[in-house]
Amino acid sequence: LLDNVGRTARHHTFFEMLGNFSFGDYFKEDVIPWAWEFLTVNMGLPKEKLWVSVFTTDDEAFAIWRDKVGVPADRIVRLGEADNFWAAGPTGPCGPCSEIYYDLGPEAGNGNPDCILGEDDDRFFEVWNLVFMEFNRDEAGVLTPLPAKNIDTGMGLERLAAVVQGVPNNFETDMLFPVLKQLEGLTKVTYGAAASS
């Protein structure tokens with residue numbers, strides 16, 4: 001969201017979105033395990049550090065994550081429409097989402113080791129959003145199933161790089177940190193100095 005740019009460790013306007021689309025070909029049953037395989041096998045992220053969110057009523061996605069992929073039920077969190085339902089506007093194609101988060105640990109958040117996803121935005125770093133476009137919303141707000149369900153996924157390259165490189169935010173990745181170092185020379189301001197003073 002543009003309102004978050006400059007306010008969080010992961011929102012910025014200079015980013016590269018990775019993703020895949022399917023129009024009536026594959027759906028949740030396929031894309032959820034593929035996402036998990038990419039992150040845990042190809043990228044080598046530890047399974048125990050990953051959490052998942054699903055839309056409040058999306059029992060199908062919940063069951064796939066739990067039963068097919070093997071994510072423990074206590075690391076699958078149901079979130080409402082503001083977090084886990086995507087639409088381009090008030091009408092048109094829309095559907096529930098399932099997001100994959102990397103747990104940066106209690107030290108990155110409020111220090112509570114028992115905190116769960118949805119309670120602490122600093123601890124849980126969203127890496128990938130799987131959007132399940134399965135409805136059309138009309139002017140009255142009525143949802144009608146689409147004749148061909150489709151997939152629209154998005155994963156921020158900088159977010160993935162931050163997790164893989166073990167840095168606390170997008171700005172300290174090897175893609176963006178050189179820009180900050182150059183700005184230090186131009187502005188005579190040391191990165192992080194204002195935050196620590």
Side-chain angles (χ1 to χ4, degrees), residues 1-22 26-55 58 61 64-65 68-72 75-77 79 82-86 95-109 115-133 150-183 191-192:
L1 298 175
L2 287 176
D3 291 346
N4 290 327
V5 170
R7 299 178 188 274
T8 76
R10 59 190 177 270
H11 289 93
H12 47 86
T13 58
F14 182 69
F15 67 93
E16 184 168 347
M17 185 63 74
L18 309 173
N20 56 297
F21 296 89
S22 167
Y26 56 86
F27 203 54
K28 295 177 192 179
E29 193 71 32
D30 292 317
V31 78
I32 288 174
W34 291 342
W36 188 255
E37 178 184 0
F38 179 76
L39 291 177
T40 61
V41 176
N42 299 98
M43 292 294 101
L45 299 183
K47 295 177 182 179
E48 65 276 7
K49 298 289 280 180
L50 297 177
W51 286 61
V52 173
S53 68
V54 297
F55 183 57
D58 194 350
I64 294 168
W65 281 115
K68 189 170 183 178
V69 175
V71 176
R75 287 208 326 261
I76 306 170
V77 178
L79 297 175
D83 297 300
N84 278 104
F85 197 90
W86 191 90
C97 304
S98 183
E99 297 177 322
I100 306 168
Y101 293 80
Y102 189 83
D103 182 359
L104 296 172
E107 61 281 359
C115 178
I116 64 168
L117 179 64
E119 295 178 350
D120 190 334
D121 287 339
D122 292 327
R123 176 174 173 173
F124 298 97
F125 196 85
E126 180 195 332
V127 177
W128 202 344
N129 186 7
L130 310 176
V131 180
F132 311 126
M133 302 291 278
N150 56 87
I151 292 291
D152 171 5
T153 77
M155 175 173 54
L157 176 62
E158 296 82 8
R159 292 184 184 197
L160 181 61
V163 170
V164 170
Q165 294 174 20
V167 295
N169 59 61
N170 295 356
F171 304 100
E172 295 182 31
T173 63
D174 60 6
M175 293 182 288
L176 295 178
F177 202 62
V179 175
L180 292 177
K181 296 307 286 181
Q182 184 68 26
L183 289 172
Y191 172 76

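Count residues from 1 along the sequence. All values below were derived from every heavy atom in this structure, side-chain atoms included, with hydrogens, water molecules and symmetry-related copies excluded.
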Practice task
Looking only at non-hydrogen atoms, find the nearest pair between Pro33 and Val69 and report the distance.
Solution key: CA-CG2, 4.0 Å
Exercise for the section: Could you pull out the closest heavy-atom pair between Leu104 and Lys49, with the gap in Å? Expected result: C-NZ, 4.1 Å
Practice task
State the CG-CH2 distance between Asn42 and Trp34, to the nearest 0.5 angstrom.
Solution key: 13.0 Å
Practice task
Examine distances only and state if a side-chain atom of Ser98 and a backbone atom of Ser53 form a donor-acceptor pair shorter than 3.5 Å.
Solution key: yes
Exercise for the section: Would you give the length of the straight line joining atom CG of Leu157 to atom CZ of Arg159, rounded to the nearest 0.5 angstrom? Expected result: 12.0 Å
Fill in the blank from the handout: One should read off an interatomic distance between Ile151 CD1 and Phe132 CZ, to the nearest 0.5 angstrom, of 5.5 Å
Practice task
Using the side-chain contact (heavy atoms from CB on, under 4.5 Å) rule, pick out the option among Asn20, Asp152, Val54, Ile32 that qualifies with Leu130.
Solution key: Ile32
Problem - Tyr191 versus Glu172, closest heavy-atom pair with distance - result: OH-OE2, 3.0 Å
Fill in the blank from the handout: Nearest heavy-atom approach of Met43 to Leu160 is SD-CD2, 3.8 Å
Problem - Leu39 side chain reached by Tyr102 side chain, heavy atoms, under 4.5 Å - result: no
Problem - Note, Met155 side chain near Thr153 side chain (heavy atom, < 4.5 Å) - result: no
Problem - Lys47 NZ: over 12 foreign heavy atoms closer than 6.0 Å - result: no
Practice task
Would you mind checking if Asp58 and Lys28 are paired as a salt bridge, meaning a charged N to carboxylate O distance below 4.0 Å?
Solution key: yes
Completion exercise
Test ring pair (Phe, Tyr, Trp, His ring centres under 6.0 Å), reference Trp51, set Phe124, Trp128, Tyr101, output is Phe124
Completion exercise
Between Arg75 and Glu48 the two heavy atoms that sit nearest each other are NH2-CA, 3.8 Å
Handout entry: Spacing of CZ belonging to Arg123 relative to CG belonging to Leu117, to within rounding of 0.5 Å
Key = 10.0 Å
Practice task
Kindly compute the distance separating CD1 (Ile116) from CD1 (Ile76), expressed to the nearest 0.5 Å.
Solution key: 12.5 Å
Practice task
Check Asp30 against Tyr26 and note the closest heavy-atom contact, atom names and distance.
Solution key: OD2-CB, 3.4 Å
Practice task
Could you tell me how the ring of Phe85 sits relative to the ring of Phe55: parallel (under 30°), tilted (30 to 60°) or perpendicular (over 60°)?
Solution key: tilted
Completion exercise
In this structure, CG of Asn170 is separated from CD of Gln165 (nearest 0.5 Å) by 10.5 Å
Exercise for the section: Say whether, by atom type as modelled, one donor and one acceptor occur between the side chain of Glu99 and the main chain of Glu126 under 3.5 angstrom. Expected result: no
Exercise for the section: Could you walk me through whether Val167 and Phe177 pass side-chain contact (heavy atoms from CB on, under 4.5 Å), step by step? Expected result: CA-CA 11 Å; Val167 295; Phe177 202 62; over 6 Å; no
